[in-house]
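The chains referred to below are lettered A, B, ... by the order of the sequence lines, with proteins before strands, and numbering in each begins at 1.
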Amino acid sequence: MRKMLAAVSRVLSGASQKPASRVLVASRNFANDATFEIKKCDLHRLEEGPPVTTVLTREDGLRYYRMMQTVRRMELKADQLYKQKIIRGFCHLCDGQEACCVGLEAGINPTDHLITAYRAHGFTFTRGLSVREILAELTGRKGGCAKGKGGSMHMYAKNFYGGNGIVGAQVPLGAGIALACKYNGKDEVCLTLYGDGAANQGQIFEAYNMAALWKLPCIFICENNRYGMGTSVERAAASTDYYKRGDFIPGLRVDGMDILCVREATRFAAAYCRSGKGPILMELQTYRYHGHSMSDPGVSYRTREEIQEVRSKSDPIMLLKDRMVNSNLASVEELKEIDVEVRKEIEDAAQFATADPEPPLEELGYHIYSSDPPFEVRGANQWIKFKSVS
Amino acid sequence: MGSAIGSSLSWLLRLRAAGAEGHWRRFRGVGLARGFLHPSATVEDAAQRRQVAHFTFQPDPEPREYGQTQKMNLFQSVTSALDNSLAKDPTAVIFGEDVAFGGVFRCTVGLRDKYGKDRVFNTPLCEQGIVGFGIGIAVTGATAIAEIQFADYIFPAFDQIVNEAAKYRYRSGDLFNCGSLTIRSPWGCVGHGALYHSQSPEAFFAHCPGIKVVIPRSPFQAKGLLLSCIEDKNPCIFFEPKILYRAAAEQVPIEPYNIPLSQAEVIQEGSDVTLVAWGTQVHVIREVASMAKEKLGVSCEIIDLRTIIPWDVDTVCKSVIKTGRLLISHEAPLTGGFASEISSTVQEECFLNLEAPISRVCGYDTPFPHIFEPFYIPDKWKCYDALRKMINY
C-alpha cells in the first residue's frame, strides 16, 4: 500500500514538472471529490446496511484506478506467459474481479488480516507485494515471493496468509486468525474469503459456528463469480443466497463489480466486527472473464455473449473510469497515462520474471521443518541427500 | 530433459570409470543439477525440454482371450469399464464433481446420456459428503462408484473412508457392509501438478484394514481391475495414474473382463534382481531393466504389484527367493511409503535369501514440489544407480 501511495505521489508530483500551463489547466479543472450513489445491499439479520452514497476523492480514485489496472494487466500478462509456457502448472486468473480485491483493501487497514483461496494474485498485489515478485513466483524463480517454491496458489505477504489450494481449507484458518485478533486486542479484523463452490464445503459451516459462538472479528466473504469451476451456482447449491448461508451470522449481498460498493460494505462490515458484535458475512457478486484456470477455455459452460455482456456493462475498471471522468475527477488523458505507466511496469516485471534464475537445487529440502541443526532429507537414493535448513 | 540425461550419462560414465565404490561420493548429483539448471539454452528450449515425460509407456501385447479389442487410452478404458458396469448392474450409480459432462479427465463421457441423469450425476464440492453419501448408498446394497477429482483432495474424506467404510462390516459383525462402494481418483505426478495435483496417498490407506487399494499401470489393466473393484464385496479405492490418461494407449477388449485383485503380476522374468513398482513407475523400472540388461548384463524380474492392500506377499517373496535382491520404487515420499511395508515383510520372510540390502527408490521426504519436480521423482537414473549398487554389493 505504501508503495502505491509513493507511486501515486510520484505521478502527481510528476505532473508539476510539466509545462506550467498544463499544470494550471490540470489543477483548475478537476474536482477534489465527488459524491456517488451506490446500490443498496441486500441484508440478512441486519437492521441497517452500508450507506447508499459515498464520497470518492480524486486521490483515492486515481489510486484505485491504478491498482485495478495493474491487477488487470498483471493477470493478462500471466495469461500470455502461460501460453508461452514460461509459466507452468496451475494459474487461476482474477481479471474481472479487480473491484473485489481493491475494494476490500480500500475498506480495511494494512494491519488487518486477509486469507483467501487460490485466485489470489490480485490480493497478493493489494496486500503489498510488487508485480515483479508475483510474476517471478508464477514462473518459479528465486525472486518470487515464496522463493519460487509455492507457485500461483501459494503467495504470501505481511498480514496476507495466502494463497490456498485446497478448496475451503482456508476458512477455519481465517476463523483462527480472527481469534488471534480478538485475543491480541489490537482492534484488527480478519477477512476470510472463499468462492461459491467452496460455500458447500462442510468446514465452512464449522468455522461459522465457532466464529459466531466466540464472537470472533471475522468477515466471511463469499466471492460469488457464478461458477464453481464449470458448475453454475444453480446446479451446485440448494440455496444461492450465499449471504444467508451463515444462518445465525448476519449477512449482506454486495455488487462486487462496483468498487465503491465493495469499499462501503467492507467499511461497514469491519466496523461491525470491530465493535465486538461477532462475525459477519459478505457475498460479493462478481464475475471472472477467464475460465476457472488456464486449462479451462471458459466457454463450455457459459456463452461468449454472457462474458461480453458483463465486460461491456459491468467491467469494474470501466465503471470507475466513467464515474471519475463524468464527475470531473480526472481526465481521460490522465487515466490513459496511468495505463501506459502500468503497462511499462508490467513489462519490466515480466522481463525480470523470465530472466531471473530458478531457485538452486539445494532448496529442494529447505523449510520442511523448523529445525536447529539442519537434518538430511531422505529420498530417492541413499547418496543424494538434501539438507533441510530453516 | 535432454541435457539432463546427457549430463547424468556422463556423470554415470565417470562413476564407472572411478572404479571403486568410494569414488561415487564425489558426484553428489552436482552434474545433474548443473546440466539442467544452467540457463544456457534459450527459453523455448527449456520449455520444450520440460515437456518430455520421465517414462515411456510400453503397451502390453494385444489380449486375445477376451474377444474383440479396440485401441483405447486410459481414460477411455475407464469409460468402457464404467459403461459395462452400468449396463450389467441396474443399481450402479456414478457421482462426483463434474462427472455429468464427462469429468475433468473425460472418464465419464457419454455415460449420462446413455444411462440417464438419475444414474450419473454431479455432486457439490464436498469430498467428505461425497464419500459419506457413497457409503450410505452402498450400505443399502446399491453399487456406488464415487469419484474424487484428484487424490490430493481425498483427505476431507479420510475419516469417512477409514472410520466408516473400512470398519462397517467388522463393527456390525457382518450384518451390514458397504462393499459395493468404489472410489476412483486420479493419482500421481503429472509433470506440472505441484503440491496438490500430484500426490500418491496409497500409503495412508495401506494402514487401514478393511479397504482395498488398487493401482493399474495401463488401460488393459485398468479396465479389468476397475471391474473387479466394482464387483468386489469390499470398499475399494482405485487410483488412476493421471499422467497415463492420454499417454497410455493399447488394445483393450470391449467386453467386460476381470483381473483378480490381490495378485501381483510378473511382467518380465529374471534371475538377478527383483524390481517392484505400481502405476506409472512400472514403465520407469521397465526401462531400468532394459538398461541393466544392456549395460550390466543383469537380468531383472519386474513385478507390478497392482493391489496395494491386501498385497500379494507370495509372488514378491517367491521372486526374491529366486533372485536375492529387491528394489522397490514409488513416487510417494520415502518415509512411511508403501515400500517400507514391502521391505519389512520381505526381510522377515526371505532374510537368508537376500544378497544385498533391499533398496527403496522413492520421492524425497518433502511436499511434492512445484519447480523441483524433475529432481524429486525417482526417475530411471536414480533407480538404475540403486540397482547398480545392489549388484555390486
Next item on the list: Name the option with the most non-hydrogen atom pairs under 4.5 Å to chain A; the candidates are B:A194, B:P378, B:G363, B:P367.
Entry: B:G363

Notebook entry, point to check: Shortest non-hydrogen contact from A:I166 to B:Y196?
Noted result: CD1-CD2, 3.8 Å

Next item on the list: Flag yes if more than 12 heavy atoms outside A:E306 fall under 6.0 Å of its CD atom; otherwise flag no.
Entry: yes

Checklist line | OH/B:Y393: more than 12 non-hydrogen atoms of other groups inside 6.0 Å | finding: no

Next item on the list: Please flag which part of B:P369 lies under 4.5 Å from any non-hydrogen atom of chain A: side chain, backbone, both or neither.
Entry: side chain

Check: What part of A:V167 lies closer than 4.5 angstrom to a heavy atom of chain B: side chain, backbone, both or neither?
Finding: side chain

Check: Where does B:E331 contact chain A at under 4.5 Å (heavy atoms): side chain, backbone, both or neither?
Finding: neither

Checklist line | Verdict with supporting geometry, A:R88 and B:E373, side-chain contact (heavy atoms from CB on, under 4.5 Å) | finding: CA-CA 12 Å; A:R88 295 184 77 235; B:E373 180 170 333; over 6 Å; no

Checklist line | Part of B:V190 lying under 4.5 Å from any heavy atom of chain A | finding: neither

Notebook entry, point to check: Taking all non-hydrogen atoms of both residues, which atom of A:Q201 and which atom of B:E127 are closest, and how far apart?
Noted result: NE2-OE1, 3.0 Å

Check: Looking at A:T139 and B:I371, what are the two nearest heavy atoms and their distance?
Finding: O-CD1, 4.0 Å

Next item on the list: Supply the atom-to-atom distance B:L195 CG to A:K149 NZ, rounded to the nearest 0.5 angstrom.
Entry: 10.0 Å

Notebook entry, point to check: Can you tell me how far the CZ atom of B:F375 sits from the CG atom of A:L361, to the nearest 0.5 Å?
Noted result: 5.0 Å

Next item on the list: If the plane angle is over 60° it's perpendicular, under 30° parallel, otherwise tilted; pick one for B:H197 and A:F90.
Entry: parallel

Check: What closest approach, in Å, do B:D98 and A:T231 show between heavy atoms, and which atom pair accounts for it?
Finding: OD1-OG1, 3.0 Å

Note to self: Quick check: closest heavy atoms across B:L125 and A:A198, and the distance to 0.1 Å?
What the structure shows: CD1-N, 4.1 Å

Item checked: Interatomic spacing from CZ in A:R235 to CZ in B:F121 - rounded to 0.5 Å -> 14.0 Å

Checklist line | B:R106 atom CZ, over 12 foreign heavy atoms within 6.0 Å | finding: no

Checklist line | Per-residue contact mode, A:I368 against chain B (heavy atom under 4.5 angstrom) | finding: side chain

Notebook entry, point to check: Counting heavy atoms not belonging to A:F160, are there more than 12 under 6.0 Å from its CZ?
Noted result: yes

Next item on the list: Starting from the C-alpha separation in whole Å, work towards a yes-or-no answer on side-chain contact (heavy atoms from CB on, under 4.5 Å) for A:E358 and B:F372.
Entry: CA-CA 9 Å; A:E358 280 146 358; B:F372 293 122; over 6 Å; no

Next item on the list: Please report the shortest heavy-atom distance between A:L138 and B:H370, naming the atom on each side.
Entry: O-NE2, 4.3 Å

Margin query: Given heavy-atom pairs under 4.5 angstrom as the criterion, report whether the side chain, backbone, both or neither of B:N122 touches chain A.
Written below: side chain

